[in-house]
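What follows is one structure encoded as structure tokens, with my remarks underneath.
In each ligand, atom 1 is the first atom listed, and ligand 1 is the first ligand listed.
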Amino acid sequence: MNIEETIFKRQSCRTYSQTPLDEETIEEIKTFIKQAKPLNKNIKWDYDLVTSNEVKSLLRWDAPHYLLLFSEEKENYKENIGFIFQQLDLYLQSRNIGSCWLGMVSPNSNYKNKNPQQKFIITISFGKPATTTHRKIEEFNRKKLEEITDTADEKLKPAQYAPSATNSQPWYFTHNNDGTYNIYRKNFGFIKKRTIGKWNPIDIGITLAHLYITNKETFNFHIEENPSEKKGYTYEGTFEL
Ligand SMILES: Cc1cc2nc3c(=O)[nH]c(=O)nc-3n(C[C@H](O)[C@H](O)[C@H](O)COP(=O)(O)O)c2cc1C
């Protein structure tokens, strides 16, 4: 299956075979990460590939591989991590490798950080799935297109299907007169802000990755100095499709 089709079939994988992937597959994954497009090329980022011995997890399951993601803390660094590594999530699932973004998993004391200048952001698990990594489009639990945009627009459908922390889907899209779009992030209340709030900027990068993958030649992102404000939301950027 190609990566574009995967957008409408993927699902988070939480049951894995504990057998590691072969070396060749791991090398292909590393090669894919190297060529992934960043949202903001001014930000340094890095990752480390580890096993369950090096992570602390509040979950009841393990995966054979974990990617710890790191970044410099500047500008839209969380969106950038979401954007780069959602391309990987799609690539893995297009190859029938299961994966899951994991806010609840972080490095433990066995982990020796090779790059202390950068901050740990989030983890992704991956490996051979014990069951299928794919589902039917009608099995997705997502907001309706009309709920996430000012004008229902088929071009935004790939964004609608993006994964997000606790499936919060914090994105909202508006159409500008010049044909560009704005993306906003929902401001959650006090409680939710303390839990999923730190991951919601990652979700924004994730949904933008779906729009990039489906509009590779034309996707262009920038941040306006004086954007239109939207009540209850934070402006995240402007893009072309
Ligand atoms: C930033 C982020 C953090 C997440 N953290 C966790 C987590 O800690 N544990 C977990 O089981 N799933 C986690 N998920 C997976 C989401 O729950 C999942 O993507 C969402 O419910 C939509 O389901 P789907 O990915 O199967 O489409 C996370 C997803 C994102 C994008």
Side-chain angles (χ1 to χ4, degrees), residues 1 3-16 36 39 45 47 50 52 55-71 76-94 96-108 119-127 129-145 147-148 157-171 183 185-186 188 192-213 236:
M1 194 192 305
I3 295 191
E4 276 188 46
E5 289 167 344
T6 308
I7 288 175
F8 304 101
K9 300 221 162 90
R10 62 159 294 291
Q11 62 182 354
S12 294
C13 176
R14 298 185 179 90
T15 44
Y16 296 90
L39 191 63
W45 56 272
Y47 70 91
V50 302
S52 58
V55 299
K56 143 170 112 226
S57 167
L58 298 174
L59 305 167
R60 297 223 191 98
W61 50 268
D62 272 333
H65 305 285
Y66 293 88
L67 278 175
L68 303 175
L69 310 184
F70 298 86
S71 177
N76 50 353
Y77 68 101
K78 289 185 179 174
E79 291 81 348
N80 191 48
I81 286 289
F83 188 82
I84 294 167
F85 285 92
Q86 183 55 19
Q87 295 168 56
L88 178 75
D89 172 83
L90 294 172
Y91 168 75
L92 292 171
Q93 299 208 25
S94 76
N96 287 319
I97 299 169
S99 62
C100 189
W101 284 93
L102 292 172
M104 308 286 268
V105 173
S106 51
N108 68 16
K119 185 186 164 192
F120 165 72
I121 310 291
I122 196 162
T123 303
I124 293 179
S125 60
F126 70 94
T131 56
T132 176
T133 55
H134 298 144
R135 67 179 152 208
K136 300 200 187 86
I137 191 129
E138 58 273 17
E139 288 165 358
F140 275 85
N141 171 15
R142 294 293 190 270
K143 289 183 185 167
K144 295 198 187 72
L145 196 53
E147 293 176 74
I148 60 162
K157 260 195 155 349
Q160 185 192 359
Y161 288 92
S164 53
T166 64
N167 207 21
S168 50
Q169 306 165 67
W171 40 74
I183 179 168
R185 171 170 47 84
K186 192 171 170 52
F188 287 108
K192 275 199 180 165
K193 217 195 241 157
R194 285 182 52 181
T195 50
I196 54 173
K198 69 173 183 184
W199 297 313
N200 282 158
I202 301 176
D203 300 332
I204 295 298
I206 290 175
T207 196
L208 287 171
H210 280 202
L211 294 172
Y212 161 61
I213 289 291
E236 284 274 354

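The shortest contact between atom 13 (C) of ligand 1 and any protein heavy atom is with W101 O, 3.0 Å. At the top of the distance list for atom 20 (C) of ligand 1, counting protein heavy atoms only, stands S164 O, 3.4 Å. In this structure, the protein non-hydrogen atom closest to atom 22 (C) of ligand 1 is N167 OD1, 3.6 Å.
Put simply, the side chain of T6 never gets that close to the backbone of R10: no donor and acceptor are under 3.5 Å apart. One N or O on the side chain of H134 and one on the backbone of Q93 form a donor-acceptor pair closer than 3.5 Å. Side-chain atoms of T123 come within 3.5 Å of backbone N or O of V105 as a donor-acceptor pair. A side-chain donor-acceptor contact under 3.5 Å links Q169 to the backbone of K143. Under a 3.5 Å cut-off, the side chain of S94 and the backbone N or O of I3 do not form any donor-acceptor pair. Side-chain atoms of T195 come within 3.5 Å of backbone atoms of K192 as a donor-acceptor pair (strictly under, hydrogens ignored).
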Pair L67-L88, side-chain contact (heavy atoms from CB on, under 4.5 Å): steps then yes or no: CA-CA 11 Å; L67 278 175; L88 178 75; 3.3 Å; yes
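Checked against a 3.5 angstrom limit, the closest N/O atoms of W61 and ligand 1 fall outside it. For ligand 1, one of its N or O atoms has an N or O atom of M104 under 3.5 Å away. Among the atoms of S12, some N or O lies under 3.5 angstrom from an N or O of ligand 1. For a threshold of 3.5 Å applied to N or O pairs, the pair formed by R135 and ligand 1 contains at least one separation below that value. Among the atoms of Q11, none of the N or O lies under 3.5 angstrom from an N or O of ligand 1.
Against a heavy-atom cut-off of under 4.0 Å, R142 is close to the following atoms of ligand 1: 22 (C), 24 (P), 27 (O). Listed by number with element, the atoms of ligand 1 under 4.0 Å from a non-hydrogen atom of L102 are 5 (N), 6 (C), 7 (C), 8 (O), 9 (N), 10 (C). With ligand atoms numbered from 1 in the order given, ligand 1 contributes 3 (C), 4 (C), 5 (N), 6 (C), 7 (C), 8 (O) to contacts under 4.0 Å with heavy atoms of G103. Close approach of ligand 1 to C100 is summarised as follows: ligand atoms under 4.0 Å from at least one heavy atom of the residue are 12 (N). Within the listing of ligand 1, atoms 31 (C) sit less than 4.0 angstrom from a heavy atom of I206. Taking every heavy atom of D203 and a limit of under 4.0 angstrom, the matching atoms of ligand 1 come to 1 (C), 31 (C).
In this comparison of R14, K78, R10, the heavy atom closest to atom 11 (O) of ligand 1 sits on R14.
The distance from the OH atom of Y161 to the CZ atom of R142 is 9.0 Å, given to the nearest 0.5 Å. Atoms CD1 and NZ, from I7 and K157 in turn, are 12.5 Å apart once rounded to the nearest 0.5 Å.
Using cut-offs of 30° and 60° for the angle between ring planes, the F85 and Y47 rings count as perpendicular.
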